Number of protein chains: 2
Amino acid sequence: MGERHADTRSRIQDVALELFTEHGYEATSLREIAERLGVTKAALYYHFKTKEDIVASFMEDRVAALEEIVAWGRTQPKTDATRREVLHRYAELLARSNSHRVMRFLERNQTALRGHPRSERIRDIMFLVIDLLSDRGDPLPVRLKSTLAIFAMHATWFIDPDPTAYTDEERSKSALQIALELLDSAHAERADPASR
Amino acid sequence: MGERHADTRSRIQDVALELFTEHGYEATSLREIAERLGVTKAALYYHFKTKEDIVASFMEDRVAALEEIVAWGRTQPKTDATRREVLHRYAELLARSNSHRVMRFLERNQTALRGHPRSERIRDIMFLVIDLLSDRGDPLPVRLKSTLAIFAMHATWFIDPDPTAYTDEERSKSALQIALELLDSAHAERADPASR
DNA sequence: GTCTATAGCGCGATAGAC
DNA sequence: GTCTATCGCGCTATAGAC
């Protein structure tokens with residue numbers, strides 16, 4: 001079944017991502033990662049200069065993909081259609097193979113990764129994505145709903161009523177649906193605040 | 001300004017909660033907490049048996065308050081009015097002095113606190129609260145919206161478009177409003193799935 | 001109730017053989 | 001590319017004086 005012996009570097013990344021996410025970045029020692037792979041700590045240091053370097057390697061692609069969405073959004077007019085397309089693109093990104101695993105790792109280790117340049121960069125970009133969905137000067141409920149639209153897509157992957165009951169595709173579709181509803185609700189509110 | 005020298009035990013709890021939340025549980029050493037308070041590590045051990053014990057002390061009241069909501073909910077008929085009242089009570093709980101600080105600490109340190117009995121208990125109770133909002137057998141979007149209704153109230157406190165721009169009361173009110181909308185939307189969907 | 005001093009451990013990281 | 005061996009550090013926690 002599955003691929004026997006992918007290269008060691010990838011196997012380190014895979015195991016590290018799992019353990020950092022499940023047990024926490026600080027709580028996971030390089031010894032644990034090495035043991036799980038059947039090698040020694042020293043072997044890890046051949047492939048990665050430091051523990052933080054393993055983390056950085058997860059994020060290279062994520063940063064680029066997120067920046068691409070922001071760059072595109074900024075060239076577009078600030079319309080409902082643009083905002084909905086931002087959510088579609090974000091959902092697509094999350095559905096890509098490892099993307100939601102990396103985002104979950106980041107979310108669960110926010111504090112431990114403080115000061116880590118790559119993870120702070122992703123945090124900043126998330127705010128720029130939210131700024132595509134509403135303006136900084138918009139009323140609180142509009143800003144909150146915009147934030148929650150993104151957040152909802154993460155949560156749908158992360159918080160799991162029953163991990164086995166639904167397929168990834170169902171999950172991804174529901175996530176986007178809910179995010180779009182939150183976005184619509186935010187801008188309906190902005191257009192007509194008295195109705196609420 | 002403010003209270004000079006509250007008792008040391010409370011000051012330890014206050015500083016620990018702040019540092020555990022901002023820098024992470026594992027990343028915060030007892031030395032840092034002691035230094036911030038102008039005492040030595042050994043003094044902390046007079047007030048708390050272990051580092052984990054400090055964490056446990058945060059949670060005592062939280063567990064009791066959450067269990068109260070679940071116990072109440074289970075005596076009620078499963079109606080829209082009951083579900084809305086659950087959210088109202090949850091919002092009230094979060095608004096109480098330290099409650100959202102503790103929940104934020106828990107959220108940011110989920111992984112580090114794995115295996116800590118009190119924090120796993122809170123996690124379990126959160127699922128019981130969600131079960132007051134929808135049934136385990138409900139369709140995925142209904143379950144997700146129920147989960148997000150609770151999640152939204154946390155996020156409103158935690159994810160902060162601009163920390164200074166709004167009062168706690170505005171924030172609390174908006175949070176509840178959004179949660180209620182998600183709940184309504186969940187059950188409108190359940191009643192009429194074809195409409196979506 | 002707070003101190004000084006230290007035990008004991010596991011961590012991240014490195015050197016150098018194979 | 002992986003190993004054995006080891007360094008130096010900072011951590012949680014404890015003992016015992018004041």
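All of these numbers come straight from a predicted model, not from anything done at the bench.
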Next item on the list: Among residues two or more places apart or on two chains, list those pairs meeting salt bridge (Lys or Arg N to Asp or Glu O under 4.0 Å) that have a residue in residues 146-155 of chain B.
Entry: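 Matches after skipping sequence neighbours: none remain.
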Next item on the list: Please collect all salt bridge (Lys or Arg N to Asp or Glu O under 4.0 Å) contacts where either partner lies in residues 33-50 of chain B, sequence neighbours excluded, each pair once.
Entry: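 Listed by first then second residue: B:Glu18-B:Arg36, B:Arg31-B:Glu35.
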Notebook entry, point to check: Can you name the residues that form a side-chain hydrogen bond (donor to acceptor under 3.5 Å, both in side chains) with A:Arg121, not counting sequence neighbours?
Noted result: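 Once residues adjacent in sequence are excluded, the partners of A:Arg121 under the side-chain hydrogen bond (donor to acceptor under 3.5 Å, both in side chains) criterion are A:Glu67.
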For [X], give me all partners under salt bridge (charged side-chain N to carboxylate O under 4.0 Å, His left out), at least two apart in sequence or on another chain.
X: A:Asp168; answer: none
X: B:Asp14; answer: B:Arg101
X: A:Asp135; answer: A:Lys78

Note to self: Suppose we screen for side-chain contact (heavy atoms from CB on, under 4.5 Å). Which residues come up paired with A:Asp184, at least two apart in sequence or across chains?
What the structure shows: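 For A:Asp184 the side-chain contact (heavy atoms from CB on, under 4.5 Å) partners, ignoring immediate neighbours, are A:Arg84.
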Next item on the list: State which residues pass side-chain contact (heavy atoms from CB on, under 4.5 Å) with A:His116; sequence neighbours excluded, sorted by chain then number.
Entry: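 Testing A:His116 for side-chain contact (heavy atoms from CB on, under 4.5 Å), a comparison that skips the adjacent residues, returns A:Glu52, A:Val55, A:Ala56, A:Met59, A:Leu113, A:Arg118, A:Ser119.
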Next item on the list: Quick one, give me the B/S/- string for nucleotides 4-9 of chain D, reading 5' to 3', where B means a protein heavy atom under 4.0 Å from the base and S means that only happens at the primed atoms, P, OP1 or OP2.
Entry: B-----
Notebook entry, point to check: Taking 5' to 3' order, which nucleotide of DNA chain C is first and which is last to have an atom within less than 4.0 Å of a heavy atom in chain B?
Noted result: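 In short, chain B contacts DNA chain C from C:dG1 to C:dT4.
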Note to self: Within the structure provided, determine whether B:Leu44 and B:Ile12 are in side-chain contact (heavy-atom separation under 4.5 Å).
What the structure shows: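 Yes, side chains in contact.
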Check: Which pairs with one or both residues in residues 21-73 of chain B pass ring pair (Phe, Tyr, Trp, His ring centres under 6.0 Å), sequence neighbours excluded?
Finding: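 Pairs touching residues 21-73 of chain B that pass the test: B:Phe20-B:Tyr25, B:Phe58-B:Phe105.
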Check: Got a sec? Which of residues 26-33 of chain B come in under 4.0 Å of DNA chain C, heavy atoms?
Finding: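 Output list: empty, so none.
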